Each structure stands twice: as structure tokens, then as C-alpha cells.
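Naming: A, B, ... by sequence-line order, numbering from 1 per chain. Values below: every heavy atom of this structure, side chains too, minus hydrogens, waters and symmetry copies. Values in this document were obtained by computation on a predicted structure and should not be read as measured data.
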Amino acid sequence: MRTFVPQLVQRGREPRWLAPLLVVVAVALVYVATAAPIRAAGANPAAAYERYVFTPLTSTSSLTEVLLAATPILFTGLAVAVAFRSGYYNIGAEGQFLAGAVGASFAGLYLPDLPGPLAVPVALLLGAAAGVAWALLPALLRVNFRIDEVVTTLLLNPVALLGVQGLLNGPWRNTGSGFPVTDDFGAGYEMPPAAPGARVHLGLVIAVVIAVVIWVVLARTATGLRVRAVGLSPAAAGFSGVGVNRVLFGSALVSGGIAGLGGASQVLGVGQQLTNEVSGGYGYTGIVVATLGALSAVGVVLVALLLGDITVGAQNASLVLQLPPQMGDIIAASLLLAVVSVLVLRRYKFRLRPGRFTGEQAS
Amino acid sequence: MELAYLALVGAMLTIATPLVLAALGELICERAGLLNLGIEGTMYAGAFGGFLVAIESGSAWTGLVAALGIGLLAGLFVGMLAIGLGVNQHVAGIGTTLLLIACCDFINRLKYGAGSVPKVEKFQQLFADIPLASQYLLTYLTFLVIAPVVFVVLRSTGFGLRLRAVGENPEAADAAGVSVAATRYAAMAVGGMLMAAGGAFLTLAILGSFTLNITNGRGWVCIALVIFARWRVVAAVLGGLLFAFVDALQLQLVITPEFSGVPREVMIALPYVVVIGALALSGRNLTYPGAYLQPYRRS
């Protein structure tokens, strides 16, 4: 009996249109997969997606909200991308972001009288330094003892959150209300708005500048070449004389610094006080942003804007359609999985081969 | 005083149960060559799903069975990504964890709003009057049945040999006629069930309810324990006991007057720090399973 056996065959070269087409397929998959829970919550999927994606883009005020929501995940996305690019799996951006927020709060609480032009830079520097410090131990363990950084960076995330909670329930508890939030920082610690009157703040500008710097360094400098070489093949890079451990160590610390700067920017830009909810998972969303952005600076910026859009849309949908805001997280996570899954397929082509099915698939 | 020590050891066994279950699950996955970072989400889904079904059905046992089913599906899902499609295992696992946690929180919000979550009729301890022996049946099962079975199966059965083979050298296993994909899927399925059972223990035995962020990084602790144990079953059980001992100790110290000045959060963070320290001290010159993180394709 003649049958046709489906099989995946590796492609020589992929056509240029394939990757964009597959991303569209992935988006369609996410839409189909999330339609059922949206219906279960009593909303119409098409109407919900209109809220998630388009409504936030329709007014200037909600557009600035999108930019505000994109700011922290732009920082963490860039932080993760820098590390992943060198093959250092820093999954601890969450903890480094929190450390950065604590660092900036330290300045805001103990040096309240610094004047504006000095206060914000000092707080941002302290935040970046705290992020670097939080990334230091896993990086040292990795380059000196080859201890898997995935585990150590992950384990430090709950520790950082506990640190924040400990400070807020202890020495930094609000002296007025007694709630677990810090006192307001000194007057100089408010991040200047990015545009007059907007809630978007200088943090966004800083993040975009960092993105540009990362792009230039990775694409145009010897350091960038070394980072990319180590990420692609540490053995080959090492053989051709690149100090692999130095590159890993460097990108780990830069990554921590960017995440810490993000935490500082968030705490100075929104509310000017430290709360338990200062992060709420931005570090983990950063992994989504970096991966979907293909670890490139431009990609990270675009994806951060998209997820910022969906975040604002999800808040809006939770008010108007009573859809729990966690739907935004579901969309982000399923988008990540769908895109990486279908993009793997571009290396293969599907064909039906005549023959009898024997269970043996030569590929 | 002696009673206090017995209470400490008893609490250690209870706290260690979910960790040992999930760590054994992770160990099985990693011995087959797969780092399953879906562990945190799988534990979370086991905790929430088990709790939800227990509330709806009125039986904690039904909840546990549901959690096992959820764990099976979660394991196969990560397997599909990492084995079937060959997606980067870090991304597949983290993505699954994020997705599962978001789904649980979404359903939790739909079901119970922002308000409080009901209590479930939780498992009862056996031998309630005897200090050390008053443990949940699941704790007895974990230490006296599941861990020994995992040990024996991995070490002395054909399946265990095949599982280790596909984790060490999939090419050789394939040449010897072992189905690499099927063996790895089986490992992910069993591993996922153990992780979800660990999660369900948190809601159905320890807490009797569900709170947001209930696993609080325990999955990551389990991954550290597996590395700390160098992928050996007995050492993983001991590692789980060590973490649980520090955790039980801090729970005791918090209510001890001499330590009343130490912030609670420092105490809660203590076991995590101990695990990192243990890794730092013991983690030199590790030999990872040969095919760790490597998807397998015939060439």
C-alpha cells in the first residue's frame, strides 16, 4: 500500500518572508488560545483585543501611559538581552531591579535635602550600583567555580523581595501612616517629565539612550564582537583568544546595572516612595521582552512598547469589561511561547514523502 | 526541651515534603537531559488547581488527583516545546512558568475577586498525638515510598537505565534502539506530576487555602537542590531536609524572645541564602548530565 509519510526536512536557506509569516501565525495562535478564557470571563474576545491593542493608542493621554508602562520593561528587557547575548543566563533581573529601587530609595530617604540637579543622578547611580552588587555574587560563582548562574540568579529574586519587605515592615515603615511604604523622598527626587505635564519621565529617555548604546557597542565595536562571539560559541571564542570569563563577568554586571537603573527609575518616576509592588514581575517580563525582541536593541524597544500597550489595555479592560488584568500576563507569556515555537519551524520544511510508515523517520 | 527538638524535626519533615517531591521530579527530568524551569509554575498550578478542585468536589484527595493531572499536562507541555520542537529550554521553562502562574491568578481573580479565598477541608495528620510521627500521609509516602521507588527505578530498572542513557548520550541510546523522545516525554510526565504534587501539598496539607505567590520561589530552590545533590536521589532528599531544617529553625526562632529583634523577613530569607551558600561550597567541578540542555535530532 502506498502511503505518504509526513516529515520535517531541514532547509538549506530560509526564504525572507518566512519568519514574519510565522510571527503572524503565532499571533493568530495566541488569539485563538486566549479566546476561550476571555469568553469564560464573560467578554467578547474581539472587543477585548480591541481594548488591549488599539484603545490605548487612540488618545494622547493613554499613549503616554503606554510609554510609562513600557519604561520598566524596557530596562529589564535590555538588561536580560545584554546578558543572554553573551550566553550568560541572568534570570535575576527581578532581584536586581528591586535592589536598584532600594538603592535609589536609600538616597531619597537619607539625603532628602539634595537639590534637584544632583539628587536624581545620585539616586540613579546608587540604584545602578545596587543592581550591579546584586548581580555580583552569581557572576563571581559562575566565572570562578562554574556554578550555574540560572539557579543563583533565580534564588536571589525572592531574597531581594524579602529584603524590600523587611525594610518596609521595619526601619523604612512610613512614619506617618504606619503602612509598609517609605516616607516620601525629598523634593528633589522627582524624575523630570519626558514632556511637559506628562507622566512619562526621564527614565524612558535614559532607557532609549541605553538601547542605542547597546546597539552601537554590539554592532560596531570590538567589545561587541567579543560578546557576540562568546554567546555564539564560547569554545571557539576562547580558542581565538577572547577572555570568555571576562566577557561573561562584564555582561553579567552590565546587565545587573541596567536592571538596577530600571528599578531606580521606577521608584523615582512613579510615586517617589518605595512600595512592595515596585516591581511586580518586571524582571520576568524582561525575559519575555528580550527573547521576543530577538535579543536585539531595536527588537527589545519594539516589544517593550507592544507589551506596554497591552498592559495599559489590560488595565482598561479590567475596568470596562471586568476582565482580570492578569490576562495581560497570559497574553505576554503565550506570545513568547507561540513565537519561539513557530520560529523553530522555519529551519524545517514540511513535506509528504511517499513510502510506507515504518516508524523510522530519516531526516 | 526534648519536645521542642522533636517539634523541630517534625516541622522539618512536613516542610521538606513538597521540596523533596518537586526536587525528585526535577531530578528525573534533568537525568533525562532536560532542565525543566517550568517547575515553579507547575508547583503553583498544582497548588492552585488542587485547591480549586478540592473546594469544588469537597475532597482533598480529588484535589490531589487533579493536581497530578495538571502536573502531567504541564510536564508534557514543556516536553512538547523542548523535545518536540527543540525550543531553548530556559525559554520554554520560564515561559511555561509565567503562563501557568498568570492563568492561575486569572482564574483565582475570576472566582474569588480581590477578596479572601475560602478554606478547604485539608488532609489530617496521622498519629496526631505522637510528636514526631504526627505527619501527613503524603509525607510518609514521600519519604518511605516515592523517594525509594525513584532511587530504585533510576538505578536498577531498564526504564531507569534508558532514562539515564538519553540524558547522558542520546546518540548511543538511539543507536541501541531506545526511543529518545518517548523516554524524555515519560520523564517530563512523571517529573511534572511530582512537582504538582509538591505544590498541592502546600494548599491541601500545610495551608488549607490558597494565597497569591504561594510557592514563593520554592521551585527554584528545588533546582538548586538537584544541582547541590549532583543529580543523586539520596543527596536530593538530604538537601531538601537541610533547607527544611533551616526553614523550621527560623519558624522557631521567630517566636523565641532572644531573636525578636531580627526582622522576620531576614529569617524567611535565611534558607535561600543557605542554599546559595551550599551551592557555592559544593558546586565546584560539577559534571552535568552529558546531554543537559541539548535537544536531540537525528543527523
Checklist entry - In terms of heavy-atom pairs under 4.5 Å, which option from B:Leu81, B:Leu100, B:Leu85 contacts chain A the most? => result B:Leu85
Item to check | Top contributor to chain A contacts, counting heavy-atom pairs under 4.5 Å, from B:Asp105, B:Leu35, B:Thr97 | outcome: B:Asp105
Chain A contact via [X] - side chain, backbone, both or neither, heavy atoms under 4.5 Å:
X	value
B:Ile94	side chain
B:Val266	neither
B:Phe228	neither
B:Ala224	both
B:Leu279	both
B:Thr96	both
B:Leu110	both

Which distance, rounded to the nearest 0.5 Å, do you find between the [atom1] of [X] and the [atom2] of [Y]?
X	Y	atom1	atom2	result
A:Leu141	B:Ile276	CG	CD1	8.5 Å
A:Leu162	B:Met267	CG	CE	13.0 Å
B:Leu98	A:Thr285	CG	OG1	7.0 Å
A:Leu154	B:Leu37	CG	CG	6.5 Å
B:Ile101	A:Gln326	CD1	CD	12.0 Å
B:Ile223	A:Asp148	CD1	CG	9.0 Å

How close do [X] and [Y] get, counting heavy atoms only, and between which atoms?
X	Y	value
A:Ser341	B:Val87	CA-CG2, 3.9 Å
B:Gly95	A:Ala333	O-CB, 4.0 Å
B:Ala269	A:Val159	CB-CG1, 4.3 Å
B:Gly217	A:Pro158	CA-CG, 4.3 Å
A:Asp329	B:Ala102	CB-CB, 3.6 Å
B:Ala280	A:Phe145	O-CD1, 4.4 Å

Portion of [X] that has a non-hydrogen atom of chain B nearer than 4.5 angstrom:
X	result
A:Ile330	both
A:Ile331	neither
A:Leu343	neither
A:Pro171	neither
A:Leu137	side chain

Within the structure provided, determine whether [X] and [Y] are in side-chain contact (heavy-atom separation under 4.5 Å).
X	Y	answer
B:His90	A:Val150	yes
A:Pro325	B:Arg109	yes
B:Val91	A:Leu336	yes
A:Asn169	B:Pro263	no

Item to check | Under 3.5 Å side-chain donor-acceptor pair for B:Asn88 and A:Tyr89 | outcome: yes
Next on the checklist: If you count heavy atoms of other groups shown closer than 6.0 angstrom to CZ of A:Arg146, is the number above 12?
Outcome noted: no
Next on the checklist: So for atom CZ, which belongs to B:Arg264, do other residues, nucleotides or ligands contribute more than 12 heavy atoms lying within a distance under 6.0 Å?
Outcome noted: no
Next on the checklist: Determine whether B:Phe106 and A:Leu323 satisfy the following criterion, side-chain contact (heavy atoms from CB on, under 4.5 Å), listing intermediate values before the conclusion.
Outcome noted: CA-CA 9 Å; B:Phe106 178 81; A:Leu323 261 178; 4.3 Å; yes
